[in-house]
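Worksheet for the structure shown next.
Residue numbers start from 1 in every chain, and the chains themselves are labelled A, B, ... in the order their sequence lines are given, proteins ahead of strands. None of the values given here were measured: they were computed from a predicted structure.
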Amino acid sequence: METLERDTGDSKEASYSAEIQNIWVEAQDSLKTRLVTEDDFRWQLPTTTAAATTLIGGGECEVLKYVGGVDISFAKDDPSIACGTLVVLDLQILEVVYEDYSVVTLHIPYVPGFLAFREAPILLQLLEKMKTCDHPFYPQMLMVDGNGILHPRGKCPPTFYWIFFPVFAYCSSILLNGFGLACHLGVLANLPTIGIGKNLHHVDGLTQATVRQLLETKGMHEDILSLRGDSGRTWGAAMRSNPGSFKPIYISVGHRVSLATAVKIARMTSKYRVPEPIRQADIRSRDYLRKHQSAG
DNA sequence: GCGACAG
DNA sequence: ATCTTGTCGC
């Protein structure tokens with residue numbers, strides 16, 4: 001009797017979460033139609049020529065200075081207590097010039113492929129708070145602890161469809177990209193974002209072992225690797241900041257930033273393996289939660 | 001059928 | 001994501 005009740009309960013829960021996931025999939029596909037995977041911003045990267053260009057151009061030509069980073073940490077004893085963190089770094093000195101935290105209770109579980117539905121709301125709230133008070137350090141772009149288009153929700157239309165139903169295939173190809181947390185945040189905040197993964201979410205035949213092997217065969221000469229899946233599609237890049245470090249980070253396009261630009265920014269913000277905006281958000285998020293759970 | 005699966 | 005010690009090296 002008890003086992004029977006337990007079984008029916010489990011199956012109800014299973015179908016319930018399956019329905020939720022269907023809703024999530026539709027939400028992702030809907031938001032995905034607004035996704036931009038090319039450079040779409042007014043600022044320039046702070047190369048040596050950029051400063052000169054601002055003077056020569058005459059028109060307002062801002063240089064990228066304020067780079068945001070977001071992360072969430074969790075209490076060790078209660079995984080539903082989360083601390084969302086937003087930091088902003090000055091790109092020139094690579095130091096934190098703004099930080100804000102929000103401790104909340106999360107009711108949505110972590111489901112692989114649907115991280116955004118758990119983490120995006122709290123992070124969006126932190127961004128909104130900063131924007132509504134018109135803060136001068138509001139980030140020009142955001143680095144996200146999680147993937148962008150390197151995400152399993154992307155599917156290539158089969159060749160068959162391109163030959164016989166090209167219009168349909170084209171419409172499907174709008175949904176070709178994956179749509180991870182970085183894309184989700186970028187679209188909803190209308191902010192350029194790039195995704196930084198510390199582990200690889202296996203997609204399109206790509207595995208950690210594959211990437212490691214490729215990086216090893218490339219040797220010390222290259223520290224960057226294009227992540228091309230079985231379908232031939234490029235999902236992002238694996239980069240190791242240090243030739244001695246064999247564990248790379250996984251960079252992918254979030255929103256309104258090309259992969260080439262994303263890699264440049266990841267490079268110029270990396271003092272250690274993980275780019276500073278992400279790393280600082282990570283460290284400070286954990287510290288903040290520790291202090292505020294021991295103090296009460 | 002079984003395993004894999006960002007944070 | 002989180003738990004967890006020391007240890008090897010610059």
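One atom, CD1 of A/I283, and another, C1' of C/dA1, lie 16 Å apart when rounded to the nearest Å. The separation between A/I122 atom CD1 and C/dA1 atom P is 15 Å, rounded to whole Å. Rounding to whole angstrom units, CG of residue A/L289 and C1' of C/dT2 are separated by 11 Å. For the pair A/L106 CG and C/dT2 P, the interatomic distance rounds to 13 Å; values are reported in whole Å.
The pair A/D29-A/K32 counts as a salt bridge, with a side-chain nitrogen and a carboxylate oxygen less than 4.0 angstrom apart. Note on A/K131 versus A/E128: no salt bridge recorded, every NZ/NE/NH1/NH2 to OD/OE distance being 4.0 Å or above. Classification of A/D204 and A/R233 as a salt-bridged pair fails, no side-chain N sitting under 4.0 Å from a carboxylate O.
Between the side chains of A/D71 and A/T85, not a single donor N or O lies within less than 3.5 Å of an accepting N or O.
When ring centroids are compared, A/Y101 and A/Y288 come within the 6.0 Å threshold.
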> How does protein reach along nucleotides 1-7 of chain B, written 5' to 3' as B (base within reach of a heavy atom under 4.0 Å), S (only sugar-phosphate), or - (no contact)?
Replying inline: ---SSBB

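Here A/S73 lies in heavy-atom contact (under 4.0 Å) with sugar-phosphate atoms only.
The CD atom of A/Q125 sits 10.5 Å away from the CG atom of A/L86 when rounded to the nearest 0.5 Å.
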